[in-house]
Number of protein chains: 2
Amino acid sequence: MTSPAVRILLCDDHAVVRAGLLALLGSEPDIEVVGEAGSGEEAVALAARLTPDVVLMDLQLGEGIDGVEATRRIAATGVHVLVLTTYDTDADITRAIEAGATGYLLKAERPEELFAAIRSAAQGRTTLSPPVASRVMARMRRPLPTLTDRERDILGQLSQGLGNRDIARALFISEATVKTHLGRIYDKLGVDTRAGAVAVAKEQRLLP
Amino acid sequence: MTSPAVRILLCDDHAVVRAGLLALLGSEPDIEVVGEAGSGEEAVALAARLTPDVVLMDLQLGEGIDGVEATRRIAATGVHVLVLTTYDTDADITRAIEAGATGYLLKAERPEELFAAIRSAAQGRTTLSPPVASRVMARMRRPLPTLTDRERDILGQLSQGLGNRDIARALFISEATVKTHLGRIYDKLGVDTRAGAVAVAKEQRLLP
DNA sequence: GGCCCCATCAGCCGATCGGTTGATGCGGGG
DNA sequence: CCCCGCATCAACCGATCGGCTGATGGGGCC
């Protein structure tokens, strides 16, 4: 006997991308798209109602909750979420994985890889795009500095262009504390100026 | 008699997006996709060979020349280029228009808008997505500060986290000159610190 | 209870930055 | 030819930053 088709729910805010996935997946007999969502909220609701085998989730969703939050909620219900997104920064990958994603694919991936990843995800097996896998391995080998929550707060204020005094006031701490945090942030990001820190923060998408 | 179908060339580095456009445009009898390109170089070559009525061009193309450069080369041959991209920052819009784009659409746009824009572009008429049109109008009303080439150089170095002395050395000018440029950059970007300048630069995609 | 991470704060000092004023030279447009 | 935008440079000064050493206290974890 043949196993039933893998049931898929799409979530992407771009109609063009949804149409593309629909078209590509339509050519695969063992994959069936059972629903489409254009927002995170919609995806969470549809996932609960349709209980698909796999949700294909974009991380950037425009309005409303983002892909990470949607992934968290859907994964919590036991449904497999396969992230399909454009960026492969450490921060995005880390957030998606800790939110419970089953796999992480890049949109630049060849369609065949996508099909394979979907079949894997349906069985709970993990698939990572090669560049993503590389980053994960690198991270394991040399545990890249992870910013603490407080450090992210500081970095956020810094990215507004604020001086130490203003950051201190905004976060209700002393200037000395701000300087201490900044020093550690520089260390972790491998820079030695505030401008450099902001550059890395934006580049690596460390801030929302 | 009915006019012949509008002949389209797609250019996007993501197979998923190309498939999506192919699927969406396939439902329109008066629109025919005559070619697909996954890189800027490919698009330029195919445009020359196929002479389509409209090229649908993404601005972010990964490897090789970017969408702006591809647009410039294709538009120079008299072929209409309709930019279809994700971002609507002033810098991207400006660059695309000055490269000769006939229109500027966002991927988040509804498919019907896309069809209409393609038909317009085929006749050389301009179509802009509403958010894009708004920005263009706003820019006309209050001519947003445009950075000079040199100021962009300085900003680029600043975004590497360099100090004034290093910037001066890198660009073979004096520290005093760097400071002068920085002052003007702050004014134009509406900030008063280097960190703020870098933040705006990254946010607005002012740098490559 | 000890250990470690995190967050908090202090004081010091040299280096850097940001603002200001003013000046020169070059090129294009009217 | 004159004006203006652009790039270049100088000198000055107060404010800020970055690096340093060192200290305190709260939570987990074993």
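Nothing here was measured: the structure is a model prediction, and the numbers come from that model. Order of the sequence lines sets the chain letters (A, B, ...), proteins ahead of strands, with each chain counted from 1.
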Closest non-hydrogen atom pair between B/A197 and B/L158, with its separation: CB-CD2, 4.0 Å
Value in whole Å for how far the P atom of C/dT20 lies from NZ of B/K179: 12 Å
Any side-chain donor near an acceptor of the partner, A/S129 and A/E109, under 3.5 Å: yes
Interatomic distance, A/L182 CG vs C/dC9 P [rounded to whole Å]: 14 Å
Residues that A/E63 engages under side-chain hydrogen bond (donor to acceptor under 3.5 Å, both in side chains), provided they are two or more places apart: none
End axis versus end axis in the helix from C/dG1-D/dC30 to C/dG30-D/dC1, the angle rounded to 10°, five pairs used at each terminus: 50°
Nearest-angstrom distance from the residue atom NZ of A/K188 to P of C/dC5: 11 Å
Contacts of B/D88 that satisfy salt bridge (charged side-chain N to carboxylate O under 4.0 Å, His left out) - sequence neighbours left out: B/R135
Any residue meeting side-chain hydrogen bond (donor to acceptor under 3.5 Å, both in side chains) with A/T126, in chain and number order, not counting sequence neighbours: none
Rounded interatomic separation in angstrom, taking CG from A/L171 and P from C/dT8: 8 Å
Residue-phosphate contact under 4.0 Å: A/T177 side-chain N/O, C/dC9 OP1/OP2: yes
Non-neighbouring partners of B/D166 that pass side-chain hydrogen bond (donor to acceptor under 3.5 Å, both in side chains), sequence neighbours left out: none
Between P of C/dG18 and CZ of B/R184, the distance in whole Å: 15 Å
Set of salt bridge (charged side-chain N to carboxylate O under 4.0 Å, His left out) partners for B/E32, sequence neighbours left out: none
Using distance only, find each side-chain donor-acceptor pair of residues 45-62 of chain B under 3.5 Å and give its atom names and separation, not counting sequence neighbours.
{"unit_1": "B/D53", "atom_1": "OD2", "unit_2": "B/R7", "atom_2": "N", "d": "2.7"}
{"unit_1": "B/D58", "atom_1": "OD1", "unit_2": "B/T85", "atom_2": "OG1", "d": "3.3"}
{"unit_1": "B/D58", "atom_1": "OD2", "unit_2": "B/K107", "atom_2": "NZ", "d": "3.2"}
{"unit_1": "B/Q60", "atom_1": "OE1", "unit_2": "B/T85", "atom_2": "OG1", "d": "3.1"}

All side chain to side chain contact (heavy atoms under 4.5 Å, CB included) counterparts of B/S174, not counting sequence neighbours: B/A176, B/T177
Cationic N near anionic O, under 4.0 Å, B/D187 to B/R184: no
Minimum heavy-atom distance between B/T102 and B/H80, given as atom pair plus value: OG1-ND1, 3.4 Å
Within residues 157-164 of chain A, residues whose heavy atoms come under 4.0 Å of DNA chain C: none
Residues B/E69 and B/R73 bridged, charged N to O under 4.0 Å: yes
Spacing of A/H181 atom NE2 relative to C/dC5 atom P, expressed in whole Å: 16 Å
Interatomic distance, A/D149 CG vs C/dT8 P [rounded to whole Å]: 11 Å
For B/R119, side-chain hydrogen bond (donor to acceptor under 3.5 Å, both in side chains) partners two or more places apart: B/E28, B/D30
Neighbours of DNA chain D within residues 189-202 of chain B, by heavy-atom distance under 4.0 Å: none
Range on DNA chain D touched by chain A, heavy atoms, distance below 4.0 Å: D/dT16 to D/dG19
